[in-house]
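As the structure is a computational prediction, the values presented were derived from the model and not from experiment. Below, read A as the first sequence line, B as the second, and so on, with proteins coming before strands; counting in each chain starts at 1.
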There are 2 protein chains.
Amino acid sequence: MRPDQPPVPSQEGTVRRTSAQQPPTLRDVAEAAGVHAATASRALNPKTRRLVSADTARRVMKAAKTLGYQPNPIARSLKTSKSSTVGVVVPDLTNPLFPPIVRGIENVLEVAGYSAWIVNTDNDRERERTRIDSLRSRHVEGLIIATARLDHPLLGSLHEQGVKMVLVNRRVEDLQIPFVTADDAGGIALAVRHLAGLGHTRIAHLAGPRNTSSGVVRARAFRHAIRDHELEDDPALIAECAYWNEADGADAMRGLLDRGTPFTAVVAGNDLIALGCYDVFAERGISCPEDISVVGFNDMPFLDKLRPPLTTVGVPHGDIGAEAARMLLDCIEGPERQSHSLLLPVSLVIRGSTARPSA
Amino acid sequence: MRPDQPPVPSQEGTVRRTSAQQPPTLRDVAEAAGVHAATASRALNPKTRRLVSADTARRVMKAAKTLGYQPNPIARSLKTSKSSTVGVVVPDLTNPLFPPIVRGIENVLEVAGYSAWIVNTDNDRERERTRIDSLRSRHVEGLIIATARLDHPLLGSLHEQGVKMVLVNRRVEDLQIPFVTADDAGGIALAVRHLAGLGHTRIAHLAGPRNTSSGVVRARAFRHAIRDHELEDDPALIAECAYWNEADGADAMRGLLDRGTPFTAVVAGNDLIALGCYDVFAERGISCPEDISVVGFNDMPFLDKLRPPLTTVGVPHGDIGAEAARMLLDCIEGPERQSHSLLLPVSLVIRGSTARPSA
DNA sequence: TTGTAGGCGTTATCAT
DNA sequence: ATGATAACGCCTACAA
């Protein structure tokens with residue numbers, strides 16, 4: 001019986017159950033089963049169930065069921081200082097790249113009894129800091145981070161503090177933080193091989209930001225592939241975007257065109273940058289793929305319905321999220337074993353934005 | 001000093017702060033400020049700060065700052081049975097309709113000190129039930145629901161149980177649950193007026209599911225608009241989709257074409273259904289807008305880059321989310337005042353998928 | 001104005 | 001195998 005209840009011989013916890021519509025607690029279950037709360041706790045927890053007699057366990061579980069008992073995760077968290085919760089840090093959920101990753105994460109977390117807190121940083125460092133602070137204050141057990149930059153002191157210091165985390169899509173330089181990414185280099189190699197096979201020799205690259213690993217890795221892979229195929233290796237054919245978005249892609253493409261260096265194809269750092277190219281083509285009356293072929297990266301939804309449908313590198317976003325979640329759960333639950341990283345395979349999705357050069 | 005600490009005269013809580021890297025608690029702050037934990041609590045809470053002397057308040061706040069004190073939301077929740085948390089129930093985050101709504105919600109929640117739990121139901125009733133159960137077991141203070149069906153017993157019973165909630169995009173029949181939606185009827189009226197103005201007289205409608213309010217409202221608005229403009233009012237020109245997606249839109253369009261009833265324009269229930277039309281056009285060599293004009297609904301991202309760019313009804317998704325969050329916070333914090341509902345204005349976005357009929 | 005005490009619901013550590 | 005007890009960190013009557 002509860003300390004704050006009048007000393008009535010209340011079997012079955014009826015006093016409490018009928019007086020208010022509050023959810024039943026462990027004590028209610030214990031009373032209903034005629035055992036102590038501690039025993040009920042043991043009976044209900046699979047990990048400690050073997051400590052009680054089979055009969056008691058059955059009675060308690062039955063009582064819990066009939067009362068509709070749901071353990072209070074907040075009380076449990078307070079006691080165990082585990083929240084069954086992880087934080088997911090993305091730049092912007094409205095970027096179609098991220099929802100599939102988040103779904104992959106949630107699918108894995110869900111079956112493990114975990115939930116995800118999602119926060120958006122809008123690529124703002126200060127906002128990133130405050131959002132991560134807020135996640136930590138909510139006692140998340142780990143972090144999945146999609147906003148990593150090559151030089152990222154914040155992540156470094158979190159890592160030093162022993163915060164469990166896994167990076168997705170990107171990695172940090174010089175830091176042993178586990179990550180899951182697509183095979184960026186492999187994807188670029190596929191793209192260049194495709195264009196070379198079509199007969200292009202002067203291929204440009206609109207690189208993603210050089211402060212992100214994917215930007216740098218893809219740019220480096222691009223130069224390697226160009227050399228491997230013995231194509232025009234002209235630094236003037238490479239432009240960099242400050243952000244992975246349409247506007248910066250358009251700016252970069254304008255810069256490239258204004259530079260006057262001729263080219264017949266462009267490998268965009270990602271699909272959004274490729275969309276920026278489309279915008280510039282429309283502005284300047286350039287036709288794709290007749291004048292310029294374009295390849296994107298990521299295979300966002302609906303690219304098949306663009307004018308023209310965009311050839312791109314397909315990335316298993318859901319798998320990236322799922323693998324990251326699995327790795328994080330391993331970190332959380334497992335011991336100190338060395339955490340590896342993962343490079344997931346990509347594929348070339350050939351559509352209408354690439355063709356033989358007309359010149 | 002803590003009960004479990006040895007009786008050392010530990011000023012400034014040094015014993016605890018140095019012995020482990022645990023975050024400081026209220027007691028640590030209290031010790032550092034030389035007051036009792038209760039006083040520290042009052043000083044730190046703006047609502048009770050006036051109960052302590054200005055000097056004490058200053059000392060406590062300074063101590064909190066230097067120690068980097070962050071209140072433990074879990075302990076606070078357990079005590080107050082408030083979680084500063086709301087649940088957001090969407091069908092599928094990878095549907096581009098929802099991320100902007102979620103962002104709108106989060107922007108409002110964030111400044112109020114709340115956070116959102118996002119769950120996906122995949123339009124599965126059982127999954128919806130279990131996900132909402134899990135939200136409730138985590139003691140969310142309210143729910144924002146984007147999955148409402150016209151007949152939705154689950155929502156009814158939650159409402160009866162006094163669960164605070166606000167619906168977005170959809171409403172439930174016969175239930176006084178507050179909702180925030182776009183002006184569906186107004187949008188359809190704009191679409192039909194646009195097509196009628198172009199000279200179309202036989203206009204079809206690919207309606208959304210009839211178990212959703214937006215499906216029904218848009219279909220009804222369509223019939224009204226047709227009559228208002230004295231156009232062909234032929235039931236054979238209306239087809240229904242089982243879900244708001246591309247595949248079902250394509251099926252409905254095929255059915256419409258196979259039926260043989262002539263038409264020169266179609267108002268799709270939403271953008272995804274319109275995309276389904278595009279698929280069928282490609283299959284059958286129909287050209288848009290020359291043979292058939294199409295109007296969508298929602299103005300998802302990147303529609304301007306489709307072939308042809310899709311004319312559609314623009315909906316302020318972020319505002320819908322933001323308003324819903326505001327309403328929910330009102331419900332949670334405010335008294336029992338009558339909660340209204342909101343219809344947000346829409347606009348017609350004219351692009352390349354609509355033109356004069358060629359016949 | 002400040003301190004004391006008790007409890008939110010659960011689990012871990014005792015003891016029985 | 002089970003019960004008693006205390007504690008997780010915080011808040012809030014109530015007492016002083």
Residues of residues 49-58 of chain B with a heavy atom under 4.0 Å from any atom of DNA chain D, listed by number, are none
- Taking the nucleotide of DNA chain C with the closest heavy atom to each, which residue, A/A37 or B/A37, is nearer the 5' end?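 Of the two residues, B/A37 wins.
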So the side-chain hydrogen bond (donor to acceptor under 3.5 Å, both in side chains) pairs with at least one residue in residues 60-78 of chain A (sequence neighbours excluded) are none
Could you give the side-chain donor-acceptor pairs of residues 100-113 of chain A under 3.5 Å, partners two or more places apart or in another chain?
unit_1: A/R103; atom_1: NH1; unit_2: B/D92; atom_2: OD1; d: 2.7
unit_1: A/R103; atom_1: NH1; unit_2: B/D122; atom_2: OD1; d: 3.1
unit_1: A/R103; atom_1: NH2; unit_2: B/D122; atom_2: OD1; d: 3.2
unit_1: A/R103; atom_1: NH2; unit_2: B/D122; atom_2: OD2; d: 2.9
unit_1: A/E106; atom_1: OE1; unit_2: B/N120; atom_2: ND2; d: 2.7
unit_1: A/N107; atom_1: ND2; unit_2: A/R103; atom_2: O; d: 3.4
unit_1: A/E110; atom_1: OE1; unit_2: B/R127; atom_2: NH1; d: 3.2
unit_1: A/E110; atom_1: OE1; unit_2: B/R127; atom_2: NH2; d: 3.3
unit_1: A/E110; atom_1: OE2; unit_2: B/R127; atom_2: NH1; d: 3.3

Residues at least two apart in sequence or cross-chain that pass side chain to side chain donor-acceptor pair (under 3.5 Å) with A/S115, listed by chain then number, are B/R138
Across all chains, not counting sequence neighbours, the salt bridge (Lys or Arg N to Asp or Glu O under 4.0 Å) partners of A/D174 are none
| said: Can you confirm whether the side chains of B/S53 and B/T56 place a donor and an acceptor under 3.5 Å from each other? | reply: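 Distance-only check passes for B/S53 and B/T56.
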Applying salt bridge (Lys or Arg N to Asp or Glu O under 4.0 Å) to A/E323 and not counting sequence neighbours gives A/R326
Would you please name every residue forming a salt bridge (Lys or Arg N to Asp or Glu O under 4.0 Å) with B/E160, sequence neighbours left out?
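By the salt bridge (Lys or Arg N to Asp or Glu O under 4.0 Å) rule, B/E160 matches no residue at all.
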Applied to residues 39-51 of chain A, the side-chain hydrogen bond (donor to acceptor under 3.5 Å, both in side chains) test, sequence neighbours excluded, yields none
For this session: Please report, rounded to the nearest Å, how far the P atom of D/dG9 is from the CG atom of B/D28.
Result: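 For the pair B/D28 CG and D/dG9 P, the rounded distance is 9 Å.
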task = Please list all pairs passing the ring-ring contact (aromatic ring centres under 6.0 Å, His included) test where one or both residues lie in residues 106-133 of chain B, with sequence neighbours left out.
result =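 Qualifying pairs, neighbours excluded: A/W117-B/W117.
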Interface residues of residues 71-85 of chain A with DNA chain D (non-hydrogen, below 4.0 angstrom):
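Contacting residues: A/L78, A/K79.
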- Would one find a side-chain N or O of A/H36 under 4.0 angstrom from OP1 or OP2 of D/dT2?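 Checking D/dT2 against A/H36, no side-chain N or O comes under 4.0 Å of OP1 or OP2.
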Inset, instruction - Please round to 10 degrees the angle between the axis of the first five pairs and the axis of the last five pairs in the helix from C/dT1-D/dA16 to C/dT16-D/dA1. - result: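 Between the first-five-pair axis and the last-five-pair axis there is 50°.
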Of the listed D/dT5, C/dT10, C/dG3, the closest approach to the A/L26 side chain comes from C/dT10
Worksheet item: Can a side chain N or O of B/S41 be found less than 4.0 Å away from OP1 or OP2 on D/dC11?
Response: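 For D/dC11, OP1/OP2 do have a side-chain N/O of B/S41 under 4.0 Å.
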Taken to the nearest whole Å, NE2/B/H139 to C1'/C/dG9 is 9 Å
Between B/R136 and B/D133, does any side-chain N to carboxylate O distance fall below 4.0 Å? no
Whole-Å gap separating C1' (C/dG3) and CD (B/E31)
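Interatomic distance, CD of B/E31 to C1' of C/dG3: 15 Å.
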I'd like to know if the side chain of B/D28 and the backbone of B/T25 have a donor-acceptor N/O pair within less than 3.5 Å.
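Checking the backbone N and O of B/T25 against the side chain of B/D28, a donor-acceptor pair under 3.5 Å is found.
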Pull out every protein N or O sitting under 3.5 Å from an N or O of nucleotides 13-16 of chain C, one pair per line with the distance.
unit_1: C/dT13; atom_1: O4; unit_2: A/R42; atom_2: NH1; d: 3.4

Report task. Check each of B/V89, B/T85, B/V88 against B/L135 using the side chain to side chain contact (heavy atoms under 4.5 Å, CB included) test, and report the only one that passes. Result ->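 Of B/V89, B/T85, B/V88, side chain to side chain contact (heavy atoms under 4.5 Å, CB included) with B/L135 is met by B/V89 alone.
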Atom CZ of A/R27 and atom C1' of D/dT5 are separated, to the nearest Å, by 12 Å
Strictly by modelled atom types, are A/T147 and A/E128 linked by a side-chain donor-acceptor pair under 3.5 Å?
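Present: a donor and an acceptor within the cut-off.
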